[in-house]
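Note: hydrogens, waters and symmetry copies are ignored here, and every other heavy atom, side chains too, is used.
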Amino acid sequence: MSERLLEVRGLTKRFGGFAALSEVSLSVQRGERLGLIGPNGSGKTTLINCIAGALRPEGGSVLLEGAEVTTLPAHRRARLGIARSFQIPRPFPSMSVVENVAVPLEYVVHRHSLHLADVHAEAMDILERMGLSARAGHPASALSQVELRKLELARALAARPVLLILDEVMAGLSAVEVDEVLAIVLRLSGQGVTILMVEHIMRAIMQFSQRVICLDAGRIIAEGPPAQIVDDGAVRRVYLGV
Amino acid sequence: MTVRWRMFLAGGALLVLGAALLTRLVDNEYFFFAAYVVLQFVVLASAWNILGGFAGYVNFGSAAFFAAGAYTAVALLKAFDAPLPVLLLAAMLVTATMGLLVGALTLRLRGIFFSIATVAIAVICETVVVNWAYVGGARGTSVLQPAPAELFQTYTRLLFVLMALLAVLAAGVARYVQVSWIGRGLRAIRDDEQAAESLGVPTLRLKLFAATVSGGLMGLAGAPFALYMGFIEPSSVFSLNYAVSALAMPIIGGTASWVGPVLGAVLLASVQQVVTVTVSSELNVLIVGVLLVMFVVAAPQGLLGLIARLRAGRAPAKPAAGERHV
Amino acid sequence: MSPDLLLEALVAGVLLGAFYAAVSVGLSLAFGLLEVPHIAHPAFLVLGAYGAWLLGQYAIDPLLAGVLLAPLFFVFGLAIYRFYHLVFERRGSDTGLRGLAFFFGVAFIIEVGLILAFGVDQRMAEAPYIGESLALGEMRLPLRMLVAFGVALLLTLGLSLYLSRSFPGRAIRAVAQDQVALALMGADPVRVKQWAFGIATATCAVAGALLIIVGPVEPGQGRLYIGRTFCVAVLAGLGSMPGTLAAGLILGVAESVVLTSLGASWAPAVAFGILLLVLAVRPTGLFGR
């Protein structure tokens, strides 16, 4: 069991002539809580997409537990233990909430259950932990914004990830709701899940992360413990312009 | 096996037995001709919906698969005088492979390109058949109905019962796909393919599976055609009616469940059988087209959706979206 | 294949290719720029062809008929798009299937409607340039193909200029790139798209006339052109008019060469084969962004 759960080496991603990521290298230790910050357009979501498999990079590699996953399709990486939530929630609107959670249970964890009943209990358990059990039978299209974010998290959790990537999961939430989600995520970390959190809400990053990486224009400009990053000159420049 | 599956199988068995019984009780031969066609469309519509309704990929070339099944059977009849089960199996294998190939070529792309591919397959298949002298080319060929087993008065009645069996099979496969993990995966793909991938759904593999199964079942529907008609020619099997009906019946019935295509097929095909006698076949087919457009525009959930809305209107509690299944 | 035969095939292919470009121009607009799953485009072409034939019964030259019918088709296109937008573009998931099924239904209704109105027999147009050929050295160039060639050039050039020089044309290109930005600049994206779809449909009147000039038409012909028009539209690089001309020429030559060397039965597969190749290798097409 390697200490480095995730390793990204020299990752480069271009869209036409535009370089969204240039030679980005980072590593995530097993059990670590890593925060990823950076102004809009800095490449955070592109980086996540390359790690999770939604995009193929032009150069560089992604390794999970020492094994190369750079060219594996997203669903294979999900089965290897990478789960991610989407910045804008992407539920399956034609299915109920519990069915939404059943999908990763059936495709990542269990495989080939004949009926919803086989995974129903487990799905309900997850919904319970997210505070969504009351909405289990409702169509996902009927959920509120906050509930959608919770569903997003619930689905990622259902996949029993080794590495959980959260893409601005707290965006648009009230202070109380942010605390709620933070508590859930911290508890997860306590259970051994390695978490990479992309956020704009600095309070959450500060409270959550053991280490923070700052991205700007496709490159890493700072890396270190949260307190140090907040004072970092380069970080202040890109965020505050001073 | 759950209660619902037991009920489904019991119902299916009853249907087939009932069909067999009817062959003893009913004198009017035309009834069996017409009923065969209706059951045939049940198979076709159910097959179409597995890929179209459940996964969201629209097949415009159902006629190609249907015809391929029919012509495979004809070729084997002419070459080996093969028995019926062999014909069915062979037809199914050929069209399943067709589905797999077309899928492999295009299911990685946007849905519209799969649809265009199905049109191309239809054109290509028709060209192949028209140039294939062994099965009669453009003029077609006749096929001799073998003597029916002692159980049946005529061979048509035997085929009628066979088609009832195939209809139950097709509906059963559709039901299985719908309520199982496969169905949830397909719906996830249809709703949001990228999100489904990120949750572990092997999207391409599932789509290929659906295309293969859909194609295979359509071939099954077509296999007995030549025996049923006693004659086969390209213009009748490649008729646009099959392409449109295979699509219209599930959409009109409701694409969300296996019941929709069955409902749509039974209603529409029955009406068509009645109307063809009184009105030209072109007008008949035009009506299907118009109904298709009307439903796509005004009642996207089909008849099942309309029924559900009516029932929801009466009861105060709303039924959950996905959990209810028949 | 002998060099003479090859040369003939090439020349025929160029003429054919220009014709293919002409009939695909509308789809480049509707599908390429506006992303409408306009599988009924070939049916509109056939409708245009029959319109030209109908006016031909009153001794009107088919090309003239196409031009005369263009405004009518324009209005028809406006209405269809408005309807499509209201019903399909506004809603959420599942609209892909429904939009596609809608246009398929429309195409089907047109085809059967034409069968009911005109029967399944082939119809031909009459004009002084149909049936005549121009002798060029050893080759004979059918005049009707030269006419199609000329019209195709005019159409693609005209539309290309319109899209790049005129205000509505630029608005159309803008709406294809960034609807929100366009809306913020005060133009209504829906009306712009509606206008574009109207133009695309109007080209079907003229291109449809070309269809009947180039050869006889029958109601089911649209299906043969689904593969060809989409091949050209995709190969062009979605929305590019010069690309449409280039792509048409490529398809025309390819089909012509295959026709001469392998026979007519393989011709329909060419368009589809090229389409698949493009989608696999360079989905943005020749001139696409």
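Using a distance-only test at 3.5 Å, with no hydrogens or angles considered, a donor-acceptor pair links the side chain of B:D191 to the main chain of A:S94. The closest donor-acceptor contact from the side chain of A:Y107 to the backbone of B:W181 lies under 3.5 Å.
Contact annotation for A:A159: neither backbone nor side-chain heavy atoms come within less than 4.5 Å of a heavy atom of chain B. Within the 4.5 angstrom heavy-atom criterion, no atom of A:A158 approaches chain B. For chain A, no part of B:A256 is nearby; none of its heavy atoms comes within less than 4.5 Å. For chain A, the nearby part of B:L206 is the side chain; its heavy atoms alone come within less than 4.5 Å.
Counting non-hydrogen atoms of other residues, nucleotides and ligands closer than 6.0 Å to CD1 of A:I88 gives a total of 12 or fewer. Applying the 6.0 Å contact sphere to CZ of B:R108 captures no more than 12 heavy atoms from other residues, nucleotides or ligands. Counting non-hydrogen atoms of neighbouring residues, nucleotides and ligands closer than 6.0 angstrom, the CD atom of A:E128 reaches no more than 12 such neighbours. Atom CZ of A:R14 has 12 or fewer neighbouring heavy atoms from other residues, nucleotides or ligands inside a 6.0 Å radius.
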### Task
In sequence, state the C-alpha distance, the side-chain angles, and the governing distance for A:H75 and B:V201, and then conclude on side-chain contact (heavy atoms from CB on, under 4.5 Å).
CA-CA 6 Å; A:H75 72 263; B:V201 178; 5.6 Å; no
### Full working for side-chain contact (heavy atoms from CB on, under 4.5 Å) between B:L199 and A:F92
CA-CA 11 Å; B:L199 292 172; A:F92 301 127; 3.8 Å; yes
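Note that CD1 of B:I182 is 10.5 Å distant from CD of A:E106, once rounded to the nearest 0.5 Å. Taking CD of B:E197 as the start and CZ of A:R76 as the end, the distance is 11.0 Å to the nearest 0.5 Å. Note: B:Q194 CD to A:N49 CG = 6.0 Å, rounded to the nearest 0.5 Å.
Nearest heavy-atom pair across A:R155 and B:A195 is NH2-CB, 4.2 Å.
Between chain A and the residues B:G185, B:A188, B:S198, the largest count of heavy-atom pairs under 4.5 Å involves B:A188.
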